[in-house]
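What follows is a short report on a single structure.
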2 protein chains.
Amino acid sequence: MTKPPTRIQTRNRAAILSAGLDVFSQFGFRGATLDQIADAAGLSKPNLLYYFPSKESIHTALLERLLDTWLDPLKALDGTGDPVQEIIAYAQRKLTLSRDYPRESRLWANEILQGAPRIEDTLRTDLKTLVDEKAAIIKAWANDGKIADVDPHHLIFSIWAFTQHYADFDVQVRAVLGEKAPYDGASVFLDTLYAKLLQP
Amino acid sequence: MTKPPTRIQTRNRAAILSAGLDVFSQFGFRGATLDQIADAAGLSKPNLLYYFPSKESIHTALLERLLDTWLDPLKALDGTGDPVQEIIAYAQRKLTLSRDYPRESRLWANEILQGAPRIEDTLRTDLKTLVDEKAAIIKAWANDGKIADVDPHHLIFSIWAFTQHYADFDVQVRAVLGEKAPYDGASVFLDTLYAKLLQP
DNA sequence: CGTTGTTTTGACCACTTGGTCAAATGCAAG
DNA sequence: CTTGCATTTGACCAAGTGGTCAAAACAACG
């Protein structure tokens, strides 16, 4: 019988996860330090370790929370509605995710860049299954002549690549664009790109 | 009057840079350790520091070498030749770069992810200037009706994003594709994508 | 061979790192 | 107020970190 968390527990655990997200997403697992995270969370290091037993456990907690929310948009892509609009809507949803959750995007990017030691199994099973399933739907649309015949896997990669680019390479995008806001232009471009590509 | 490097110097410096590239590209600057690099280079740590005075100096040497080769393809894009083919050729060149130099791509990605502390100035000046210049060429093509009217900056971002994705997210791409080779399909997809997008 | 400059190394150092622990503090309910 | 639990902390530790240094091993050349 597990006890319900106290108010303090709820607050501090949330603070730690947010601080961990800040630090891990910028420096990766190995580059992050507990002192940094403790500082960012406004707690002492021993206090931090009172709530999470180890550095690893904070990272794991973040990755688990991330996985669900990260794959949700793709799960939402189903056979109902106009195929071209469905795919564009999916891409727009992913772009919004990049804009609203850039730290999460970078945490993911860091994990993959480092060889995905902690989630490689999940990628090979859960992610592959999900992508193959959605690729089959897209392939069926192509076979029915409802969209242009393009490789569904690379189509999905291109959506991931483009949308996550704005979160992961944020500094570079802003350095190049100067004052211009990135996401409005990206959204328009994305619309045109996939409308033209998928038009049967 | 600087002396020419001995054979041993040439060999060891190259070994260190290659080892540094391996380690920095996987773990980022902070996550990498001199012991790792020394191991990978087959040298002792003090020996490594005989050739480079500090961890930072290895990293800097790598970034400098990278900058040139990384921007070369974009520099090569000029006004001669068929506009659509020019842009597609640029994208293909970048894809080849990702396939042949994935470590360099990941080193860049790591640097940007960490906020580009060491190259932010270069991004704001050299990179922005170069991109703005090429964007102007593309914009002129659009105004002449030679290609479709799309935002040149986001067009360039999309090329970077898509091509670098195959190097930076290699583990994920391979996990999803299984046995299939990534780059052939990517090349075909890329061709279709930009041909359709840019067709006036 | 010996001499001279290059390369390599073992021992070492100060500092940082992830993590522990006992003791101190805060706090809520009886 | 006090009892009991949740929370916080200072002191500490072993291992790892970037980096130094003097001495040893090596290479080249006359």
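In this text the structure is predicted, and so the values were computed from the model without any measurement. To find a chain, count down the sequence lines: A is the first, B the second, and so on, and within it residues start at 1. Computed from heavy atoms alone, side chains included, the values below leave out hydrogens, waters and symmetry copies.
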Whichever hydrophobic residues join A:Val188 through chains of side-chain contacts under 4.5 Å: none
For [X], which residues count as a salt bridge (Lys or Arg N to Asp or Glu O under 4.0 Å) partner, sequence neighbours excluded?
X        : result
A:Asp151 : none
B:Lys139 : B:Asp149
A:Asp82  : none
A:Lys146 : none

Listed once per pair and sorted, the side chain to side chain donor-acceptor pair (under 3.5 Å) pairs that draw on residues 53-65 of chain B, sequence neighbours left out: B:Glu56-B:Arg118
Of all pairs that satisfy side chain to side chain donor-acceptor pair (under 3.5 Å), the ones with a partner from residues 40-53 of chain B, not counting sequence neighbours: B:Asn12-B:Tyr51
Nucleotide C:dT16, atom C1' - distance to CG of A:Asp39 in whole Å: 14 Å
By side chain to side chain contact (heavy atoms under 4.5 Å, CB included) - contacts of B:Asp121 (at least two apart): none
Contact state string [nucleotides 15-23 of chain D, B base, S sugar-phosphate only, - no protein heavy atom under 4.0 Å]: --SBBBB--
D:dG10 phosphate, OP1 or OP2, under 4.0 Å from A:Ser44 side-chain N/O: no
Interface with DNA chain D, restricted to residues 10-26 of chain A and to heavy atoms under 4.0 Å: A:Asn12
Sugar-phosphate only, base, or nothing, as touched by B:Tyr51 at under 4.0 Å among non-hydrogen atoms: sugar-phosphate
Angle by which the axis turns from one end of the helix from C:dC1-D:dG30 to C:dG30-D:dC1 to the other, five pairs per end, to 10 degrees: 10°
Test side chain to side chain donor-acceptor pair (under 3.5 Å) applied to B:Asp78 - qualifying residues, sequence neighbours left out: B:Thr80
Within-4.5 Å side-chain heavy-atom neighbours: A:Gln199 and A:Val84: no
